[in-house]
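All remarks here apply to the structure that follows.
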Number of protein chains: 2
Amino acid sequence: MMELTRKGEYAIRGIIYLAQQPPGRVSLISEIAAAAEVPQTFLAKIFQSFAKLGLVTSSRGTGGGFVLARPASAITLREVVEAVEGPILPNRCLLGSACDRGGPCRVHAVWKQVQTEVVHILDGVTIDTLARNQDS
Amino acid sequence: MMELTRKGEYAIRGIIYLAQQPPGRVSLISEIAAAAEVPQTFLAKIFQSFAKLGLVTSSRGTGGGFVLARPASAITLREVVEAVEGPILPNRCLLGSACDRGGPCRVHAVWKQVQTEVVHILDGVTIDTLARNQDS
DNA sequence: ACCTTTAGGACCAATTTGATCCCCTTTATA
DNA sequence: TATAAAGGGGATCAAATTGGTCCTAAAGGT
Ligand code: SF4
Ligand code: SF4
């Protein structure tokens, strides 16, 4: 239950690589894909989502590629995950106001709590933390 | 992300109904399905899982049906969810010891934390709590 | 025997996931 | 102003998962 999909895993690996580059350095999608060991065309889609959400800046043409749009310390794991997997939502009923049955039941509050906790954890982790190498 | 499937939702609704019955009262799957508004044959499968895991006791033939195998206060929401959805596992790498890539990365610890938190929340909720009606 | 009720497996349609391909647009520069 | 080098976006597709049905067998009561 609650498994991250490949897309989410790839997204994280990809943006971590980008965060490990010298600030301002432009990376090609082919380069990122190779480094993160992810199918290139698939990763391209993922980075399109990133760009649309303003996590990364993309530029086309010769010399184009991707750069982080903000410092890695200002991008949270939650943003990255939600960019490709959609909102953290343990139960559908957390989106629509009420249940399709007779009003929200007691389980509702539990899912709400799960959602809150997970969001909190993921909000507390920034990409620069993840990008730091094992050593130190 | 992290959505409970129909199966999980049905499982919870079904076992809550069972918990709301007078202790020892045997319920037919048809009765539970009608009350919980769940496809009967599908719910039957779910209760089979419950039975195999010892959450409910089943008996066949005339007068047969399902009863909780333990008091509702001794069945946690986690048990119910895991019975049908499998273990709480935010990332595959939490199951196999190490990653298929170069050893567990820093993200690993985050997923571990998510898992621990969610398990903790779900372990803290018992079915009798959920079964109590809105009033009081 | 016969009816009732769960057990278990086979089976199936719809959806989601994981991925590839192709053509378009943008941009630098020869 | 070609032309090559990127990314953008849509169509498409196979595999896996989800959601659900059906049928037969086994067990238990009368
Ligand atoms: S039954 Fe409860 S948990 Fe399920 S959808 Fe309705 S309010 Fe949400
Ligand atoms: S890259 Fe990190 S989070 Fe992903 S599977 Fe490997 S250890 Fe787990």
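Not measured: the values here are computed from a predicted model. Protein chains get the first letters and strands the later ones, always in sequence-line order, with residue 1 at the start of each.
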Which heavy atom in B:Ala51 sits nearest to a heavy atom in B:Ser58, and how many Å separate them?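 Heavy atoms only, the tightest pair is CB-OG, 4.2 Å.
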Using a 4.0 Å heavy-atom cut-off to protein, can you give one letter per nucleotide of nucleotides 22-30 of chain C, 5' to 3': B if the base is in contact, S if only the sugar-phosphate is, - if neither? ---BBBS--
Under 4.0 Å protein heavy-atom contacts per nucleotide of nucleotides 10-21 of chain C, with B for base, S for backbone only and - for none: --------SSB-
Side-chain heavy-atom pair [X], [Y] within 4.5 angstrom cut-off:
X        : Y        : value
B:Val125 : B:Thr76  : no
A:Glu85  : A:Leu4   : yes
A:Ile121 : A:Val118 : no
B:Leu55  : B:Leu68  : no
B:Lys7   : B:Tyr10  : no
A:Val67  : A:Leu18  : no

Quick one: do B:Lys112 and B:Glu117 make a salt bridge, cutoff under 4.0 Å?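 The answer is no: the pair does not qualify as a salt bridge.
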How many whole angstroms separate atom [atom1] of [X] from atom [atom2] of [N]?
X       : N      : atom1 : atom2 : answer
B:Leu43 : D:dG19 : CG    : P     : 14 Å
B:Glu31 : C:dT4  : CD    : P     : 17 Å
A:Met1  : D:dT17 : CE    : P     : 17 Å
A:Phe50 : D:dG9  : CZ    : P     : 15 Å
B:Glu9  : D:dT18 : CD    : P     : 16 Å

A:Asn91 and B:Glu3: side-chain donor and acceptor closer than 3.5 Å?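 No donor-acceptor contact under 3.5 Å links the two side chains.
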Looking at A:Gln48 and D:dG7, is any side-chain donor or acceptor paired with a base atom of the opposite kind under 3.5 Å?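 Absent.
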Regarding A:Phe66, tell me which of base, sugar-phosphate or nothing describes its non-hydrogen contacts under 4.0 Å with the strands shown.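 Contact class for A:Phe66: sugar-phosphate only.
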Kindly point out which of C:dG8, D:dG7, C:dT5 is positioned nearest to the side chain of B:Leu28?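 Given the options C:dG8, D:dG7, C:dT5, the side chain of B:Leu28 is closest to C:dT5.
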B:Ser58 side chain near C:dA7 phosphate (N/O to OP1/OP2, under 4.0 Å):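 For C:dA7, OP1 or OP2 has a side-chain N or O of B:Ser58 closer than 4.0 Å.
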